[in-house]
Amino acid sequence: MDKEQVVQNVQAQLFLMQDLKYRDFHSSLMPTIDKKKVIGVRTPQLRQFAKSFGKTEEAQIFMQVLPHRYYEENNLHSLLIQQIRDYDQCLKEMERFLPHIDNWATCDMLSLNVVKKHLDQFIEVVYGWMQSDRTYTIRLGIGMLMRYYLDDRFQEEYAESVAKVQSQEYYVNMMRAWYFATALAKQYDKILPFLLEKRLDVWTHNKTIQKAVESYRITPKQKTYLKTLKIK
């Protein structure tokens with residue numbers, strides 16, 4: 001089966017799962033994406049499809065085709081990458097795919113469980129992504145730090161690397177704030193100095209506090225104190 005036929009078959013399957021109301025709602029949350037490129041497939045359905053499709057020869061052919069036409073094709077591609085169990089092969093496919101991530105939702109759904117056994121190596125990859133000039137590559141790097149390096153693997157230098165990221169991009173700075181809000185929930189005493197010493201730009205500083213105050217993982221006492229640190 002040739003590439004074009006595989007892509008057409010995948011698109012046909014995706015349109016069978018289309019939910020127009022969901023498309024309209026979800027599109028409104030992604031201002032960077034043309035609504036015409038969104039089919040409207042709910043994530044649980046897409047995950048279920050990816051689970052079965054990933055076992056086929058067609059899936060390997062589909063992954064060779066970049067860029068994709070539709071938002072859901074990108075999401076499917078990311079879910080197929082997550083199924084790769086070989087660390088080196090997974091990263092190779094990630095590097096091919098990264099330039100084609102063009103929205104926060106595709107970026108944030110990426111989880112790479114295969115890296116859990118290679119975190120000492122993977123941190124260098126994460127740093128490389130954070131030094132990119134592409135918005136969603138930087139965002140993914142910060143997201144990986146948040147996902148895999150905030151618990152027993154946490155080191156203060158990781159938080160410092162996020163603080164040092166300088167960007168005018170909303171979707172980068174929102175992820176930086178999300179990182180620090182999550183870090184406050186998991187490493188409160190080590191992260192609090194970043195706010196006390198005003199080591200973040202004002203927007204990210206205040207957004208971190210806002211998101212932390214909204215978090216159920218931050219205690220009421222901590223929330224009350226964090227509110228006093230907001231920069232006016």
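For the single chain, residues carry numbers from 1 onward in sequence order. Treat the numbers as computed from the prediction; the structure is a model and nothing was measured.
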(request) May I ask you to decide if Leu150's main-chain N or O and Gln187's side chain share a donor-acceptor pair within less than 3.5 Å? (result) yes
(request) For Gln18 and Arg23, indicate whether the former's side chain and the latter's backbone hold a donor-acceptor pair under 3.5 Å. (result) no
(message) Parallel, tilted or perpendicular: which one describes the rings of Tyr22 and His26, with boundaries at 30° and 60°?
(response) parallel
(request) Dump the intermediate steps for side chain to side chain contact (heavy atoms under 4.5 Å, CB included) on Leu79 and Gln82, then the final yes or no. (result) CA-CA 5 Å; Leu79 291 171; Gln82 291 176 41; 3.9 Å; yes
(request) Go through the structure and list residues passing ring-ring contact (aromatic ring centres under 6.0 Å, His included) with Tyr170, not counting sequence neighbours. (result) Trp203
(request) Report, as yes or no, whether the 6.0 Å neighbourhood of atom CD on Glu157 holds more than 12 heavy atoms from other residues, nucleotides or ligands. (result) yes
(message) Rounded to the nearest 0.5 Å, what separates atom CD in Glu72 from atom OG1 in Thr106?
(response) 8.5 Å
(message) Would a single hydrophobic cluster contain both Leu16 and Phe49, if residues Ile, Leu, Val, Met, Phe, Trp and Tyr are joined by side-chain heavy-atom contacts under 4.5 Å?
(response) no
(message) Please determine whether residues Leu20 and Phe15 belong to a single hydrophobic cluster, defined as Ile, Leu, Val, Met, Phe, Trp and Tyr linked transitively by side-chain heavy-atom distances below 4.5 Å.
(response) no
(request) Determine yes or no for a side-chain-to-main-chain donor-acceptor pair under 3.5 angstrom, with Arg134 supplying the side chain and Ile101 the backbone. (result) no
(message) My understanding is that only residues two or more places apart in sequence, or in another chain, count here; which of them pass ring-ring contact (aromatic ring centres under 6.0 Å, His included) with Tyr87?
(response) His118
(request) Give the other cluster members for Ile231, using side-chain heavy-atom distances under 4.5 Å between Ile, Leu, Val, Met, Phe, Trp and Tyr residues; answer none if it is isolated. (result) Val202
(request) Name all residues meeting the salt bridge (charged side-chain N to carboxylate O under 4.0 Å, His left out) criterion together with Asp34; count only those two or more places apart in sequence or in a different chain, and write none if there are none. (result) none
(request) Answer yes or no: is there a donor N or O on one side and an acceptor on the other, between the side chain of Tyr148 and the main chain of Arg153, under 3.5 Å? (result) no
(request) Give the ring-plane orientation class for His68 versus Phe62, where under 30° counts as parallel, over 60° as perpendicular and anything between as tilted. (result) parallel
(request) For Met109 and Asn75, run side chain to side chain contact (heavy atoms under 4.5 Å, CB included): C-alpha distance rounded to whole Å, both residues' side-chain angles, the deciding distance at 0.1 Å, then the answer. (result) CA-CA 8 Å; Met109 78 181 300; Asn75 286 358; 3.4 Å; yes
(message) Quick one: does any side-chain atom of Tyr149 pair with a main-chain N or O of Ile123 as donor and acceptor, under 3.5 Å?
(response) yes
(message) If you count every heavy atom of other residues, nucleotides or ligands that lies below 6.0 Å from Phe25 atom CZ, does the total exceed 12?
(response) no
(message) Going by salt bridge (Lys or Arg N to Asp or Glu O under 4.0 Å), name the pairs with one or both residues in residues 163-187, residues two or more places apart or in two chains.
(response) Asp151-Lys186, Arg176-Asp201
(request) Kindly say whether Asp2 contributes a backbone atom to a donor-acceptor pair with the side chain of Gln5 at under 3.5 angstrom? (result) no
(request) Could I get the full list of side chain to side chain donor-acceptor pair (under 3.5 Å) partners for Asp133, not counting sequence neighbours? (result) none
(message) Please check: side-chain N/O of Gln222 versus main-chain N/O of Ile218, any donor-acceptor pairing under 3.5 Å?
(response) no
(request) Ignoring hydrogens and angles, tell me if any N or O in the side chain of Trp104 forms a donor-acceptor pair with the backbone of Leu29 under 3.5 Å. (result) yes
(message) Assess whether a salt bridge exists between Glu214 and Lys211, defined as any Lys/Arg side-chain N lying under 4.0 Å from an Asp/Glu carboxylate O.
(response) no
(message) Go through it in stages, so that I can follow the logic: the residues are Tyr171 and Trp178, the test is ring pair (Phe, Tyr, Trp, His ring centres under 6.0 Å), and I'd like the CA-CA distance, side-chain angles, deciding distance and then a yes or no.
(response) CA-CA 10 Å; Tyr171 289 104; Trp178 187 9; over 10 Å; no
(message) A quick test of your reading: do over 12 heavy atoms of other residues, nucleotides or ligands sit less than 6.0 Å from NZ of Lys230?
(response) no
(request) Drop me the distance from Glu156's CD to Ile191's CD1, to the nearest 0.5 angstrom. (result) 7.0 Å
(request) Determine yes or no for a side-chain-to-main-chain donor-acceptor pair under 3.5 angstrom, with Arg147 supplying the side chain and Leu110 the backbone. (result) yes
(request) Would you check if there is a donor-acceptor pair between the side chains of Gln64 and Gln60 at a distance under 3.5 Å? (result) no
(request) Ignoring hydrogens and angles, tell me if any N or O in the side chain of Thr228 forms a donor-acceptor pair with the backbone of Tyr225 under 3.5 Å. (result) yes
(message) For a quick check under 3.5 Å, do Gln210 and Asn206 share a side-chain donor-acceptor pair by atom type?
(response) no
